[in-house]
Participant: 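So that we are looking at the same thing, I have put the structure below in structure tokens.
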Number of protein chains: 2
Amino acid sequence: MSSNSREAILAAAKLTAQAHGYSGLNFRDLAAEVGIKAASIYHHFPSKADLGAAVARRYWEDSAAYLETLLAESTDPAACLRQYPGTFRKALESGNRMCLCSFMAAEYDDLPEPVKKEIRTFTDINVAWLSKVLVAVTALSPEKSEPRARAIFAAITGAQLMARSRADVSLYDALIESYRAASLLPA
Amino acid sequence: MSSNSREAILAAAKLTAQAHGYSGLNFRDLAAEVGIKAASIYHHFPSKADLGAAVARRYWEDSAAYLETLLAESTDPAACLRQYPGTFRKALESGNRMCLCSFMAAEYDDLPEPVKKEIRTFTDINVAWLSKVLVAVTALSPEKSEPRARAIFAAITGAQLMARSRADVSLYDALIESYRAASLLPA
DNA sequence: TTCATCCTACCTATCAGTTGGTAGGTCGAT
DNA sequence: ATCGACCTACCAACTGATAGGTAGGATGAA
């Protein structure tokens with residue numbers, strides 16, 4: 001068992017943050033979901049900022065691992081790229097949530113610095129992955145693939161936001177399809 | 001003078017909401033900025049939800065008026081379309097704010113219904129305008145221009161979010177340029 | 001083997017600060 | 001005398017955070 005609560009707290013905080021952001025996180029609700037008292041969370045995380053940073057860090061670590069697995073298990077980078085938008089679709093599917101870091105990007109100015117840092121890292125990892133895959137898939141040079149990668153990531157973030165505010169996953173799919181039709185994303 | 005405070009409250013609330021969202025709005029800070037006491041705001045707006053809805057409504061009304069003026073004063077729809085991303089740039093320029101409705105789209109699930117309604121209207125107006133202009137500028141049919149309009153709007157929202165989280169207006173410009181290069185937006 | 005010590009993982013109780021909101025009063029202009 | 005615009009003085013609910021305590025297991029020396 002040892003420190004199982006820590007994992008439970010991280011998991012619950014992730015779900016809440018995906019739906020209500022960093023400011024939507026509160027120790028009492030979080031504790032209730034985990035089955036402990038609010039004060040006990042401080043045993044695992046010294047402050048809300050630490051908890052937020054830990055959640056965001058875990059989030060990009062998992063994302064990075066998933067993206068690397070995707071590339072490692074496939075011989076076709078183009079197929080990986082096609083799957084990429086789907087990774088952001090999952091959150092929308094279950095409970096109209098969205099990518100933790102896309103959400104927190106909106107709150108960015110009000111975030112504690114440690115949390116900001118993890119959010120930036122999430123973006124950087126995604127842009128780097130996209131850029132790498134774009135070089136393999138398209139005729140884009142490394143210098144041109146990075147701006148393109150950033151554009152794709154930003155556009156996907158926007159698609160999540162729009163689909164979420166209509167509580168309509170199919171709108172997300174339609175937007176991604178439009179991005180392909182407009183050749184922002186390779187078809 | 002009459003009810004000048006009402007306008008001052010709306011103006012201050014707009015700026016705050018663009019920087020910190022609906023949940024970031026609070027009556028005490030708002031009142032202090034306007035120069036009255038918190039309780040006096042209730043004389044003009046019966047609740048926070050009403051204030052939020054009024055701010056969002058005023059926001060899309062101003063946007064709609066501006067967009068129509070843009071079209072009316074120009075004989076070239078293509079020039080209007082080129083100017084469109086610039087309307088979202090202004091908020092980023094001054095104080096790293098963003099479009100009120102793009103921000104509130106993130107908080108959407110926690111918004112009171114009257115506020116949600118105004119946010120949807122803002123999106124609808126923008127998509128309708130873009131769609132109309134796209135028909136005039138490109139060879140897209142009305143049926144194909146609306147999905148494209150939605151894609152453009154979503155992508156611009158994402159660009160705002162990304163630029164804001166890096167506090168870098170030039171990143172916004174670069175993203176818009178990438179959208180044009182990828183022919184999501186007409187060049 | 002026993003006992004003192006320490007640690008982990010929680011608890012209760014409480015804090016100060018902030019939130020949206022209300023009750024009831026003041027005051028000047030019409 | 002009425003009324004719009006504003007005030008003071010509250011309130012309950014909720015926020016992140018702290019102080020101090022407890023039960024139970026591990027550790028290590030006698």
Side-chain angles (χ1 to χ4, degrees), chain A residues 1-17 19-56 103-104 106-116 118, chain B residues 1-17 19-57 100 103-104 106-116 118:
Chain A
M1 282 285 168
S2 78
S3 179
N4 211 335
S5 281
R6 194 191 149 90
E7 289 303 313
I9 293 167
L10 280 175
K14 176 190 164 188
L15 291 182
T16 305
H20 309 287
Y22 177 80
S23 68
L25 278 177
N26 83 79
F27 280 58
R28 276 153 186 89
D29 291 355
L30 210 52
E33 268 173 71
V34 174
I36 58 175
K37 293 302 160 100
S40 303
I41 296 179
Y42 289 92
H43 179 69
H44 302 282
F45 304 95
S47 74
K48 184 179 176 181
D50 286 284
L51 170 61
V55 171
F103 201 134
M104 288 192 178
E107 310 176 278
Y108 193 80
D109 276 14
D110 298 319
L111 256 32
E113 182 51 41
V115 183
K116 285 183 177 175
E118 306 301 335
Chain B
M1 283 286 167
S2 78
S3 179
N4 211 334
S5 280
R6 195 192 148 89
E7 289 303 313
I9 293 166
L10 280 174
K14 175 190 163 189
L15 291 182
T16 305
H20 309 287
Y22 177 79
S23 69
L25 276 178
N26 82 79
F27 281 59
R28 278 157 183 84
D29 291 354
L30 210 52
E33 268 174 71
V34 174
I36 58 175
K37 293 302 158 105
S40 304
I41 297 180
Y42 289 92
H43 181 68
H44 302 282
F45 304 95
S47 74
K48 184 178 176 180
D50 286 284
L51 171 60
V55 171
R57 176 170 205 101
L100 199 164
F103 201 134
M104 289 192 178
E107 308 176 280
Y108 193 80
D109 276 14
D110 298 321
L111 257 31
E113 183 50 42
V115 183
K116 284 183 177 174
E118 307 301 334

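Being a predicted model, the structure only gives us computed values, none of them experimental.
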Participant: Measuring from atom OG of Ser40(B) to atom CZ of Phe27(B), what distance do you get when rounded to the nearest 0.5 angstrom?
Facilitator: 11.5 Å
Participant: Could you grab the distance from atom CD1 of Ile41(B) to atom CD1 of Ile9(B), nearest 0.5 Å is fine?
Facilitator: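 If I round to the nearest 0.5 Å, the distance is 5.0 Å.
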Participant: Respond yes when some side-chain nitrogen or oxygen of His43(A) is under 4.0 Å from OP1 or OP2 of dA9(C), and no when none is.
Facilitator: yes
Participant: Any side-chain N or O of His44(A) under 4.0 Å from OP1/OP2 of dC10(C)?
Facilitator: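 Checking dC10(C) against His44(A), a side-chain N or O does come within under 4.0 Å of OP1 or OP2.
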Participant: Distance from Glu118(A) atom CD to Glu113(A) atom CD, nearest 0.5 Å?
Facilitator: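 Rounded to the nearest 0.5 Å, the CD-CD separation comes out at 10.0 Å.
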Participant: Once rounded to the nearest 0.5 Å, what's the spacing between atom CD of Glu107(A) and atom NE2 of His20(A)?
Facilitator: 11.5 Å
Participant: Do any side-chain nitrogens or oxygens of Ser40(A) fall under 4.0 Å of OP1 or OP2 in dA9(C)?
Facilitator: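 So the side chain of Ser40(A) is outside the cut-off, no N or O lying under 4.0 Å from OP1 or OP2 of dA9(C).
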Participant: To the nearest 0.5 Å, what is the distance between CE (Met104(B)) and NZ (Lys116(B))?
Facilitator: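 The CE atom of Met104(B) sits 13.0 Å away from the NZ atom of Lys116(B).
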Participant: Can you name the nearest heavy-atom pair linking Lys48(B) to Tyr22(B), along with the distance?
Facilitator: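 In this case the closest contact between Lys48(B) and Tyr22(B) is NZ-O, 3.1 Å.
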Participant: In whole angstrom, what separates Asn4(B)'s CG from dA5(D)'s P?
Facilitator: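 Value for this atom pair: 10 Å.
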Participant: Across nucleotides 14-30 of chain C, 5' to 3', mark each nucleotide with B, S or - according to how protein heavy atoms within less than 4.0 Å reach it.
Facilitator: -----BBBB--------
Participant: Take atom CZ of Phe45(A) and atom C1' of dG16(D), then tell me their distance rounded to the nearest Å.
Facilitator: 16 Å
Participant: I need the CD1-C1' distance between Ile36(B) and dC7(D), as an integer number of Å.
Facilitator: 10 Å
Participant: Glu7(B) has an atom CD; how far is it from atom P of dG4(D), in whole Å?
Facilitator: 18 Å
Participant: Could you tell me how far apart Ile41(A) (CD1) and dT15(D) (P) are, to the nearest whole angstrom?
Facilitator: 12 Å
